[in-house]
Amino acid sequence: MKFVIGYFVFQILLLIVILVITHQTDKNSRKAFLQPNEVPEGFEKTSETFIDTKTKKTIYVYYNRHTGKRIYVEH
């Protein structure tokens, strides 16, 4: 009987850990897009664009040749 109770307690704790990890990952995946006046120096606009599924706004991709970093700008 102790094994069965221990098993269920373990399953509940595992579920809680998975929910916490998923919540943190979801927070990290929400990107805050920059505004056009916030583009740092050295970044060039590329031909890449996409529509943000949540806000339905057009997002433009900017690229820095020296660092290889990409940023996303909302228009």
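Positions are given from 1, in the same order as the sequence printed here.
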Under the rule for ring-ring contact (aromatic ring centres under 6.0 Å, His included), what residues qualify as partners of His75, not counting sequence neighbours?
Tyr60
Partners of Val9 by side-chain contact (heavy atoms from CB on, under 4.5 Å), sequence neighbours excluded?
Ile5, Leu13
Lys2: what forms a side chain to side chain donor-acceptor pair (under 3.5 Å) with it, not counting sequence neighbours?
none
Ile51 and Thr58, any side-chain heavy atoms less than 4.5 Å apart:
yes
Between CD1 on residue Ile12 and CD1 on residue Ile16, distance to nearest 0.5 Å:
7.0 Å
Measure the spacing between OH of Tyr62 and OG1 of Thr46 and express it to the nearest 0.5 Å.
9.0 Å
Residues in side-chain contact (heavy atoms from CB on, under 4.5 Å) with Glu74, at least two apart?
Phe33, Gln35, Lys57, Ile59
If I take atom CD from residue Glu41 and atom CG from residue Asn64, how far apart are they, to the nearest 0.5 angstrom?
10.0 Å
Phe43-Leu34 co-clustered via ILVMFWY side chain contacts under 4.5 Å:
yes
Heavy-atom count check: over 12 atoms from other residues, nucleotides or ligands less than 6.0 Å from Lys69 NZ?
no
Among residues at least two apart in sequence or on other chains, which ones pass side chain to side chain donor-acceptor pair (under 3.5 Å) with Glu44?
Arg65
Would you please name every residue forming a side chain to side chain donor-acceptor pair (under 3.5 Å) with Thr55, sequence neighbours left out?
Asp52
Working to the nearest 0.5 angstrom, can you tell me the gap between Glu48 CD and Phe50 CZ?
9.0 Å
